[in-house]
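Got a structure here, written out as structure tokens. Questions coming.
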Amino acid sequence: MSMKEIVSKLDEEAGKCIRCGFCEAVCPTLQAKDYSLYYGARGRVILANELLGLLKRKSNGIELNVGNAFYSCLECSLCHEICPADVNAGNVSNIAKQLIVANENIFETSQIVSAAKVLSNTIMKYKNPLGLRREIAEWSKELKFDQNSDTVLLTGHMYQIMAYTQGLIEFFQKTGRYGVLFLKISEKVPGIVRFSKYFVDRDLKKRLDACIKNVSILLKNAGVEFSYFGDEPYPGTLLYEFGYIQEFVEYATQVREWLKDKNIRRIIAIDPHTYHILGSIYKEYIQFDFEVVHYLDFLSELEFRESEDTITYHEPCIFTRKKEYNLPREILGSIANVKYPVNSGKNSVCCGGPVESIFPEISERVSSKRYGELRNTGARKIITACPVCFLNLHRQKEVLDISEFLVDNLAWEKANFEQGYPVYLI
Amino acid sequence: MSKDIVEELRRIVGDEHVITSASEKLPYKYDASLFAGEIPLAVVLPGDSNEVSEILKVCNENRVPVVPRGGGTSLTGGPVPLANGIVLSLSRMDRILEVNVEDNYALVEAGVRLGQLNDHLKENYGYFFPPDPASSVAATVGGVIANDSSGLTGVRYGSVKNWVLGLEVVLSNGQILRFGNKTLKYRVGYDLTSLIVGSEGTLGVITKAYLKIWPKPEKIVRFLIYLDEISKVGEAIVRLKKGRFAPISAEFIDKSYIDILKKIENFEAPDSGNYALIIDLECTDESVNRIVENVLNIVNSLNPVDVQHSDDPVMIEELNRIRKGAGSVLLHMREKSTETTITSDIIVPPSHLPSFLTALKNKIEEYKMLAPMLGHIGEGNIHVDIFCDLSDEQNLKKAMELLHEMGRMALEHGGSVSAEHGIGLEKRDLLVEEYRFRKSEEAVSIMRQIKRIFDPNNILNPTKVLKEP
């Protein structure tokens with residue numbers, strides 16, 4: 001995408017704003033940063049319009065440091081729900097990041113932009129944000145798949161990566177300026193990022209790997225034939241989210257070719273981010289004719305026991321606002337008594353996860369507030385349907401991934417084991 | 001010197017609550033009006049009244065202007081900053097301290113948003129704080145008191161001043177004073193509470209308020225009435241009032257608004273409806289049918305294009321959302337991004353509406369400007385949104401002329417230039433003009449004297465309301 005196209009897109013989105021400020025009332029990062037407008041939805045749109053003004057006036061050198069404003073945006077789109085002028089400050093942030101990346105030489109860059117660059121380089125080189133390869137497929141040991149099926153399970157690497165992020169964040173928080181040095185070296189030597197594997201939380205990895213295995217169990221029991229390949233690529237979500245749009249297009253094209261090589265027709269996604277990027281965003285940038293479905297789409301025939309638990313469901317922003325995917329609500333409602341928090345449905349509040357790796361303090365504050373809302377429902381268990389939400393809320397014991405809850409409540413009277421999976425027989 | 005002041009401010013509120021980087025201060029240049037301020041010296045976010053007091057002491061001693069800021073939803077430039085001053089953001093002071101339904105009050109900090117307060121009151125007590133500006137989701141208690149806002153429910157409940165029992169105010173010298181009380185009645189000397197209400201941050205900084213709260217109506221029935229002529233809009237209000245109806249709210253929007261809402265919000269309306277009246281009446285399960293019948297009798301006498309009614313709270317809430325966002329949706333009519341709107345805030349006695357609205361429509365046509373109108377018609381408060389191009393000086397001048405012309409027309413009809421948006425930077429000349437029209441220019445002198453008593457060094461939101469101290 002050319003610079004002119006990016007500017008035009010940004011102008012189209014941010015130019016609609018009349019600064020009424022309604023978005024500030026709901027923006028989770030504004031409150032998390034003690035109400036500094038720079039970290040709020042309206043502030044981001046104002047900054048974007050200011051940038052556009054500077055670019056139109058062809059100012060030499062942009063003295064504004066806008067990296068933190070846009071990179072701290074959760075892109076949760078809650079602002080869009082309330083905006084009467086139809087502005088999505090999340091989209092504004094996303095496009096502004098593209099502008100920053102495309103103009104590295106004129107923008108004052110921050111450490112955050114360096115971190116984004118390192119992740120981008122790593123994804124391009126290793127097809128995974130942390131340079132992980134073998135670790136991605138460990139969950140699938142002992143399982144067999146229908147490798148000739150034209151339906152593929154793409155994990156998107158999201159569940160797997162989550163076991164490493166906390167350790168890495170703590171490393172950067174502890175090392176301070178050495179962390180900055182690490183980033184600088186990483187920009188030149190992407191391979192250094194592969195040390196990430198030593199930051200694994202083994203218990204968490206075991207649990208998250210089990211979640212993916214649960215998905216396979218559910219699909220198998222629903223009679224779905226699907227393939228899985230240990231060398232599956234990461235879908236490039238962070239390239240898109242960090243504004244590396246040229247790289248994203250190149251990368252997405254490689255993913256498409258990989259899928260074509262495997263004769264794939266249909267993709268089963270297991271998390272909202274992968275579901276969204278493959279199902280919606282890819283098509284905006286490249287020819288991408290694959291059918292993209294979510295694993296929950298296949299579970300309508302499965303029988304679940306009625307749970308005696310009162311649960312609450314933390315809805316992922318992508319499901320409620322970007323994909324309008326409410327199937328998890330329906331499934332959970334058919335199994336258990338679901339109590340929803342004060343902000344739910346289209347007004348559901350983000351878990352803070354999208355900025356956890358670069359703004360852990362903001363992420364933690366957003367997450368704590370959301371956790372409080374979920375706790376206030378009085379429900380005994382909190383269910384999530386996204387590994388990012390799970391990671392941000394899981395510090396408490398009562399948080400479960402939806403796959404865990406579903407497998408726990410699968411109505412099997414006795415089970416056979418086939419291809420490593422328990423298969424239910426009623 | 002400014003460096004020393006910033007250090008002092010940091011000492012008071014902590015480093016993390018003083019913003020000095022140019023990029024981080026930039027969003028504070030604006031409110032919801034077309035005015036852009038300057039980049040301030042610093043933005044300071046105190047956590048309690050004592051910190052506000054300390055900040056004001058420092059600023060007063062050093063003659064540093066202080067611009068208080070709530071939700072930044074002002075339409076007249078009230079909170080836009082000055083280059084050599086600080087922005088005092090009350091956002092962190094966002095606690096609801098006490099709710100007492102037996103005594104009909106809530107004690108809240110200035111940074112609480114009205115939407116937040118009303119959610120809390122409704123969910124936990126079945127009560128509400130009745131003034132309902134369109135910006136209620138974002139506007140703060142301190143902001144609406146400083147502006148004496150009202151909004152959609154003004155016809156029934158009046159403006160904020162009718163719902164403020166007492167205030168904690170920090171004066172320019174840092175003194176913390178309490179005006180009024182938490183009691184429903186209070187008659188102790190001059191009414192300083194009312195003096196602060198609507199003072200737009202020029203006399204003191206509001207830090208806490210005792211607000212009067214009220215039980216929510218048991219049931220509301222809403223009428224959506226489409227009319228073909230503007231005079232009938234005014235006539236409908238007059239006839240309803242003569243019929244002894246006291247609506248909770250009575251709003252209207254014109255054809256431009258109807259069309260853009262149809263396009264953007266999927267608002268359904270008949271093509272020949274040039275004006276839509278939205279009227280809410282309080283009722284009970286027992287009285288709803290009788291009220292509907294009586295209102296329909298009155299409204300049908302005007303040969304409306306269409307009349308709908310509903311008591312479905314979901315439908316009522318959804319239409320409220322659309323109405324409250326209408327001013328922003330209107331911007332979809334822009335032909336280029338440098339266009340914006342200047343919003344008039346005139347008010348006339350409702351009995352003048354039939355003739356005033358016709359005259360207003362003719363005036364807008366005479367100016368040949370795009371100027372859709374809506375308003376809180378029940379109390380005669382009309383907002384005309386005049387489109388103007390910020391990059392075209394002549395066009396901007398013409399828009400300001402029309403704004404002033406409409407203000408004069410309101411005065412001639414026994415009305416005022418400003419009903420609820422305040423003066424800010426926008427209507428300072430109109431303020432003087434209104435008092436001159438009433439042969440009461442001395443009132444402006446009295447205001448200046450009051451300002452000097454409260455703020456002798458003119459540090460509190462200088463240049464707002466009154467150009468000169």
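Throughout, protein chains are lettered first and strands after them, A, B, ... in sequence-line order, and every chain is numbered starting at 1.
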What part of A/Val342 gets closer than 4.5 Å to chain B, counting heavy atoms only: side chain, backbone, both or neither?
side chain

Hey, are the side chains of A/Asn392 and A/Ser363 touching, using non-hydrogen atoms and a 4.5 Å cut-off?
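A side-chain contact under 4.5 Å exists here.
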
Under 3.5 Å, which donor-acceptor pairs link chain A to chain B? Give each pair on its own line with the distance.
unit_1: A/Gly15; atom_1: O; unit_2: B/Arg334; atom_2: NH2; d: 2.3
unit_1: A/Arg19; atom_1: NE; unit_2: B/Asp31; atom_2: O; d: 3.3
unit_1: A/Arg19; atom_1: NH2; unit_2: B/Ser33; atom_2: O; d: 2.7
unit_1: A/Asp34; atom_1: OD2; unit_2: B/His17; atom_2: NE2; d: 2.9
unit_1: A/Tyr35; atom_1: O; unit_2: B/Tyr28; atom_2: OH; d: 3.2
unit_1: A/Tyr35; atom_1: OH; unit_2: B/Asp94; atom_2: OD2; d: 2.6
unit_1: A/Leu37; atom_1: N; unit_2: B/Tyr28; atom_2: OH; d: 3.1
unit_1: A/Arg42; atom_1: NH1; unit_2: B/Gly72; atom_2: O; d: 2.9
unit_1: A/Arg42; atom_1: NH2; unit_2: B/Gly71; atom_2: O; d: 2.9
unit_1: A/Arg42; atom_1: NH2; unit_2: B/Gly72; atom_2: O; d: 3.3
unit_1: A/Glu50; atom_1: OE1; unit_2: B/Tyr30; atom_2: OH; d: 3.3
unit_1: A/Asn65; atom_1: N; unit_2: B/Ser23; atom_2: OG; d: 2.7
unit_1: A/Ala85; atom_1: O; unit_2: B/His332; atom_2: NE2; d: 3.3

Any salt bridge (charged side-chain N to carboxylate O under 4.0 Å, His left out) involving residues 92-102 of chain A? Give me the pairs, sequence neighbours left out, ordered by first then second residue.
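Residue pairs passing salt bridge (charged side-chain N to carboxylate O under 4.0 Å, His left out), neighbours aside: A/Glu75-A/Lys97.
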
How about A/Asn326 and A/Glu330: does a side-chain donor come under 3.5 Å of a side-chain acceptor?
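The answer is no; no qualifying pair exists.
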
Positive for side-chain contact (heavy atoms from CB on, under 4.5 Å) with B/Ile86, one of B/Val6, B/Val44, B/Val18:
B/Val44

Of the listed residues (B/Gly72, B/Ala22, B/Gly327, B/Ala139), which shares the most heavy-atom pairs with chain A below a 4.5 Å separation?
B/Gly72

Hits for side-chain hydrogen bond (donor to acceptor under 3.5 Å, both in side chains) against A/Arg329, two or more places apart or cross-chain, chain-then-number order -> A/Glu315

Could you verify whether a donor N or O on one side chain and an acceptor N or O on the other, from A/Ser280 and A/Lys323, lie under 3.5 Å apart?
yes

With a 4.5 angstrom heavy-atom cut-off, which part of B/Ile322 approaches chain A: side chain, backbone, both or neither?
neither

Heavy-atom pairs under 4.5 Å with chain B: which of A/Ala69, A/Ala25, A/Cys17, A/Cys23 has the most?
A/Ala25

Which residues pass the side-chain contact (heavy atoms from CB on, under 4.5 Å) test with A/Ser368, not counting sequence neighbours?
A/Glu364

A/Arg370 side chain vs A/Gly352 backbone, donor-acceptor pair below 3.5 Å
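Absent.
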
Contact origin within B/Val43 toward chain A - heavy atom pairs under 4.5 Å
neither

